[in-house]
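Notes for the one structure printed next.
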Protein chains: 2
Amino acid sequence: MAQPLQDPAPAAAVMYSSIIEELGRSIVGGELGPGERLTIEELQNRFGVSRTVIRDCMRILESMNLVFSKRRVGIVVQSPGHWNVYDARIIRWRLEGTSRARQFRSLTELRCAVEPLAAAGAARHATEEQRAAALRLAGQLRALGEAGRLEEFLAVDIEFHALLLSASGNEMFSALDDVVTEVLRGRTNQGLMPRTPREHALASHEAVAAAIARADPHSAEAAMRDLLAEVREAIT
Amino acid sequence: MAQPLQDPAPAAAVMYSSIIEELGRSIVGGELGPGERLTIEELQNRFGVSRTVIRDCMRILESMNLVFSKRRVGIVVQSPGHWNVYDARIIRWRLEGTSRARQFRSLTELRCAVEPLAAAGAARHATEEQRAAALRLAGQLRALGEAGRLEEFLAVDIEFHALLLSASGNEMFSALDDVVTEVLRGRTNQGLMPRTPREHALASHEAVAAAIARADPHSAEAAMRDLLAEVREAIT
DNA sequence: GGTCCATGAAAGATACCACCTTTGAAATGC
DNA sequence: GCATTTCAAAGGTGGTATCTTTCATGGACC
């Protein structure tokens, strides 16, 4: 049974994923502009794969509204206005490319819009466990923040916000947890965060958690708005 | 060449779209529960099409995270938590099915979250034409509202809100115009709207438009929040 | 006899190929 | 300038090959 091939890299996990990545990035990055045409045959040659694989890729790109295909014409790149900008892959590609700053700003603004209502929702709908968890996480945030342990602080912060979104009782909100995670992570990595979290931030996290714990939607919403105030100022 | 076949084409515009519709609806509607398995062969027989078509469909459903496929296992239905709930088709299917009420509530809440910030954004970024259009539409709303012409009122209302979203300068917001349209239309059709729009609604539309016209983000946001207040009360 | 791991077989997705059909843009003809 | 023809490219079919995962079988060891 000697496993001669220990090769841990099945690499070609799925053939098309790498093609999707490359084409998606080119479109989102703007190297392939709206109206530009591709053909299946051309892509076959370019990537050295069969028609089937290219077709699969086109179906996927089509369902993200990055392209559409017409007979006799080929595959046409769509203009940005048509893209499914909530698709996780498109969000990722935009954050990787030259439009990072703009995308980051959009996501931050979206977060600022959604989180206050998510907090109110959590105050209404959270389970007992979730309310307890919110208090616990807010406590950890203070401890880690005052100790200046930034990385752990970030991890708990992400957990805290994800908890609120999922407790909000609104699946459209919980689906945004990746967005919020990305924004929080980006803020820390870009050095937009103070060396040690401000007292104000710690206090408002605690206020949000407390309001959720005592099922007080109005206070939860207000506290979250307060928490986000400085974030909003930074982007406007 | 005599076209013997005038056949008005059995609608099957594109083959797979109807299959996607049917399967998507079953999954979203819950007839196909999470973990349930399908195979390509079985679907081939069921719909009487070739493997290629089924594969194309699976690629699309997969990219919406409604299913995932594994070798030797088949195609497995994903649990609702994984779905791309911002995909226009999924939103539509959910609104058609038994989960309509819940989905409607979620979308309304999302709208309430986003529109105030969109209004603020519009006050900052709108073009001169857009500012003028906002004022004009608000004026039309008053006229139509006072005249009790509900259908035209709805159409202009939809146009007004779509304008704000697209003028907001945030593509994540503008991508939600379908959502807002759907919510507005639903409110009217479900008889949630008063016979003639309330004075308060007319006045706050005007206030939003005026704030945008004079590039006053804070007032625009506040006026929009005021406009949405009664909507929010209705869903909580 | 019961538990555990190796082995093999089978099921079903992934991938490639060759070929036919349909569509609609563009060239051509009147 | 309109109708007709042409034809390139996508849509669709079905066959074959490959690969991965599961599941059942069977032997070894406790």
Side-chain angles (χ1 to χ4, degrees), chain A residues 1-23 27 32 34-78, chain B residues 1-23 27 32 35-78 82:
Chain A
M1 57 190 79
Q3 295 260 55
L5 170 62
Q6 168 49 350
D7 190 350
V14 258
M15 190 63 105
Y16 38 88
S17 61
S18 64
I19 300 177
I20 296 260
E21 286 289 317
E22 178 163 347
L23 288 176
I27 295 173
L32 284 173
E36 225 152 326
R37 293 182 183 187
L38 306 167
T39 69
I40 289 186
E41 209 179 337
E42 176 192 314
L43 293 169
Q44 264 187 76
N45 299 333
R46 175 166 157 200
F47 292 103
V49 295
S50 77
R51 206 156 157 266
T52 316
V53 176
I54 298 294
R55 281 190 51 162
D56 284 350
C57 293
M58 289 310 112
R59 283 291 108 73
I60 295 174
L61 292 176
E62 219 173 345
S63 98
M64 298 196 269
N65 281 334
L66 288 179
V67 304
F68 66 95
S69 68
K70 257 168 76 178
R71 283 189 176 171
R72 168 67 204 195
V73 172
I75 291 141
V76 186
V77 177
Q78 292 253 37
Chain B
M1 283 263 153
Q3 295 263 52
L5 171 60
Q6 168 51 351
D7 193 345
V14 256
M15 196 123 232
Y16 38 88
S17 62
S18 64
I19 299 178
I20 294 266
E21 285 290 317
E22 178 163 348
L23 288 176
I27 295 173
L32 284 173
E36 225 153 324
R37 294 181 183 188
L38 306 167
T39 68
I40 288 187
E41 210 180 338
E42 175 192 315
L43 294 169
Q44 261 187 82
N45 300 332
R46 175 166 156 199
F47 292 103
V49 295
S50 77
R51 252 178 324 153
T52 314
V53 175
I54 298 294
R55 276 188 51 131
D56 285 351
C57 293
M58 289 310 113
R59 284 290 98 74
I60 295 173
L61 293 176
E62 219 173 347
S63 97
M64 297 197 269
N65 281 334
L66 288 179
V67 304
F68 67 94
S69 65
K70 258 168 73 178
R71 283 196 172 157
R72 167 63 196 164
V73 171
I75 291 142
V76 186
V77 177
Q78 292 253 38
H82 291 92

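We use all heavy atoms of the structure for the numbers below, so side chains are in, but hydrogens, waters and symmetry mates are not.
- The side chain of A:S69 contributes an N or O atom lying less than 4.0 Å from OP1 or OP2 of D:dG11.
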* Test log, rule side chain to side chain contact (heavy atoms under 4.5 Å, CB included), inputs A:R55 and B:D56 -> CA-CA 8 Å; A:R55 281 190 51 162; B:D56 285 351; 2.8 Å; yes
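- As a whole-Å value, the separation of B:I54 CD1 from D:dG11 P is 16 Å.
- Tested against A:I19 for a side-chain contact (heavy atoms from CB on, under 4.5 Å), the candidates A:I60, A:L61, A:L43, A:V53 yield a single pass: A:V53.
- Following rounding to the nearest Å, B:I40 (CD1) and C:dA15 (C1') show an atom-to-atom distance of 11 Å.
- Within the nucleic acid shown, A:T52 comes within 4.0 Å of at least one base atom, counting heavy atoms only.
- Of the two residues contacting DNA chain C, namely A:S50 and A:R71, the nearest-nucleotide position lying further toward the 5' end is that of A:S50.
- Dense packing is recorded around CD of A:E21, with more than 12 heavy atoms of other residues, nucleotides or ligands lying under 6.0 Å away.
- With DNA chain D read from its 5' end, the first of the two nearest nucleotides for A:R59 and B:V73 is the one closest to A:R59.
- Taking 3.5 Å as the limit, the base of D:dC7 and the side chain of A:R72 contain a donor-acceptor pair of atoms between them.
- Within the model, atoms CD1 of A:I20 and OG of A:S18 stand 9.0 Å from one another, a figure rounded to the nearest 0.5 Å.
- Terminal axes of the helix from C:dG1-D:dC30 to C:dC30-D:dG1 (five pairs each, C1' rotation axis) are separated by 10°, to the nearest 10°.
- Between the P atom of D:dT20 and the NZ atom of B:K70 lies a distance of 14 Å, rounded to the nearest Å.
- Mapped onto DNA chain D by nearest heavy atom, A:E41 and B:R37 fall at different nucleotides, with A:E41 at the one closer to the 5' end.
- If you measure from atom CZ of B:F68 to atom C1' of C:dT14, you get 16 Å, rounded to the nearest angstrom.
- As judged by a 4.0 angstrom heavy-atom cut-off over every strand, B:L38 is placed among residues touching the sugar-phosphate backbone only.
- Place A:R51 and A:G48 on DNA chain C by their nearest nucleotides, and A:G48 ends up nearer the 5' end.
- Here C:dA13 presents its P atom at 15 Å from CG of B:D56, a figure rounded to the nearest Å.
- By the 4.0 Å N-to-carboxylate-O rule, B:R46 lies close enough to B:E22 to be salt-bridged with it.
- Summarising the geometry, the separation between CZ on B:R55 and C1' on D:dG11 is reported as 15 Å, rounded to the nearest angstrom.
- One can place CE of B:M58 at 14 Å from C1' of C:dG12, the figure rounded to the nearest angstrom.
- Going from atom CD1 of A:I75 over to atom P of D:dA8 covers 17 Å, rounded to whole Å.
- Note: A:I75 CD1 to A:E62 CD = 8.0 Å, rounded to the nearest 0.5 Å.
- The shortest side-chain heavy-atom distance between B:L23 and B:F47 falls under the 4.5 Å cut-off.
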